Amino acid sequence: MSERKKTTIVLFSGDYDKAMAAYIIANGAAAYDHEVTIFHTFWGLNALRKDEPIQVNKSFMEKMFAKMMPRGSENMGLSKMNFAGFGPKMIKDIMKKHNTLTVQQLIEMAQEQDIKLVACTMTMDLLGLAKEELLDGIEYAGVAAYLADAEEGHVNLFI
Amino acid sequence: MSERKKTTIVLFSGDYDKAMAAYIIANGAAAYDHEVTIFHTFWGLNALRKDEPIQVNKSFMEKMFAKMMPRGSENMGLSKMNFAGFGPKMIKDIMKKHNTLTVQQLIEMAQEQDIKLVACTMTMDLLGLAKEELLDGIEYAGVAAYLADAEEGHVNLFI
Amino acid sequence: MSERKKTTIVLFSGDYDKAMAAYIIANGAAAYDHEVTIFHTFWGLNALRKDEPIQVNKSFMEKMFAKMMPRGSENMGLSKMNFAGFGPKMIKDIMKKHNTLTVQQLIEMAQEQDIKLVACTMTMDLLGLAKEELLDGIEYAGVAAYLADAEEGHVNLFI
């Protein structure tokens, strides 16, 4: 049995600021030598979408959802002060000035640090998202796999 | 002392999608033989409301809250893409197609699996909710009881 | 090594009701003899702002954020049923009737109970908040300090 501490995060939210918080904690925990898993479910799956449009067969409903949901982390809105999309631009201008990593860069860092990025297959089905639409190098699993990680976890968060 | 692992969830949110996530994790954990508690507070109490109107003596403010808050899980909105109530209909159409359980069915399953459903008495008072308005077979407690469970918990989430 | 149980809360949200839940759990845990830390990040920092305006040199963006964000817990909105600021007034009227503590009073109680209130320095920078603008007697730290507390925590929540 591994002696490393474990951190698991359920990323449910599709907000840029919450994804940022999740990935900062995750990368921090990995730097701290934790085994880290981020389980992306519901709107949190959007952080894993590729930013180009991918051709996939979809039902009418699935097309509507796919169209309305942000394609990748950099197209997400804010949980507060979004101002019809102006808020994220403000935040990103400030982040640039402070040399803060974007969520996209935080996701790349997470992959370099071997953080396990998991997409929840049940909610992928619900929202009509196909594997081709999501980033390469991620894993696919359900709630049972999440719980197997979380019950060994020292820090378990729902974001 | 019990050797079973424990999962506790504070369900604060009154959103359909978040209640769904909470109850899917809870039912998964129970299937995994965890002792599970869901502590419903603030807007999360609405998931426990009966869907018919119940005659209770209320102050003016309490009547206003009671009227504006959803009566039971199936009347809740979504945290994202609610579109004035159209979003939940879309999600439920898709859920039907995928044979996904509704939150109401997930709550019933939770009760069958002996998940402890607790209503926070302090916030019941604040929102003017009476026991008669909530589902049968649930428990009533405060933050001390929650903490007694959570401090033994292996997976503790705030949703 | 301390034998006391530990509770850590990340307060990310800037909503009055969520801050209230966070501080009720925190004060409850402290009363239960837990060592408690609340790590305020992003919009949760607003709970720690002094309510009077403080003269600090700020860039244009920082001034805009400072202006738009609530100054202290008692100026926060609700996560649900905010009704352009009318919701918080309703809740506070009811709280008064029930002799419920306000968030401001809960923060004071937290300080009396030696709960460690931490402001996240990285997001203070992002939102342009200076130490002079925040309550006295709090600590300043980053994600590493949070993780050091959380990995020893028995109850870790993200609110």
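Just so we're on the same page: letters track the sequence lines, and every chain starts at 1. Keep in mind that this is a model prediction, so the values were computed, not measured. When reading the values below, keep in mind they use all heavy atoms of this one structure, side chains included, and skip hydrogens, waters and symmetry mates.
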Original post:
Side chain, backbone, both or neither: which part of C/D17 has a non-hydrogen atom closer than 4.5 Å to chain B?
Top reply: both
**OP:** Identify which of B/F42, B/F12, B/Y146 forms the greatest number of heavy-atom pairs closer than 4.5 Å to chain C.
**Re:** B/F12
Original post:
Side chain, backbone, both or neither: which part of B/S13 has a non-hydrogen atom closer than 4.5 Å to chain C?
Top reply: neither
Subject >> Most contacts with chain B, counted as non-hydrogen pairs under 4.5 angstrom, among C/M81, C/M20, C/H34 >> reply: C/M81
Subject >> Contact leader toward chain C among B/L126, B/L157, B/T41, where contacts are heavy-atom pairs under 4.5 Å >> reply: B/L126
Subject >> Any donor-acceptor pair under 3.5 Å from C/N75 side chain to C/D51 backbone >> reply: no
Subject >> Side chain / backbone / both / neither for C/F158 at chain B, heavy atoms under 4.5 Å >> reply: backbone
Subject >> C/E139 side, atom CD; C/T37 side, atom OG1 - distance, nearest 0.5 Å >> reply: 8.0 Å
Original post:
Does the B/R49 side chain pair with the main chain of B/E133, one donor and one acceptor, at a distance under 3.5 Å?
Top reply: no
Original post:
Among B/L127, B/V10, B/D15, B/T8, which has the most heavy-atom pairs under 4.5 Å with chain C?
Top reply: B/D15
**OP:** Counting only heavy atoms closer than 4.5 Å, note whether C/N27 contacts chain B via side chain, backbone, both or neither.
**Re:** neither
**OP:** Any chance you could measure C/Y23, atom OH, to C/T102, atom OG1, to the nearest 0.5 Å?
**Re:** 12.0 Å
Original post:
Roughly how far, to the nearest 0.5 Å, is the CE atom of B/M90 from the CE atom of B/M95?
Top reply: 13.5 Å
Subject >> Separation between CG of B/D33 and OG1 of B/T7, rounded to the nearest 0.5 Å >> reply: 10.5 Å
Subject >> Straight-line distance of B/E132 CD to B/K50 NZ, nearest 0.5 Å >> reply: 7.5 Å
Original post:
Does any heavy atom of chain B fall under 4.5 Å from the side chain of C/K97, the backbone, both, or neither of them?
Top reply: side chain
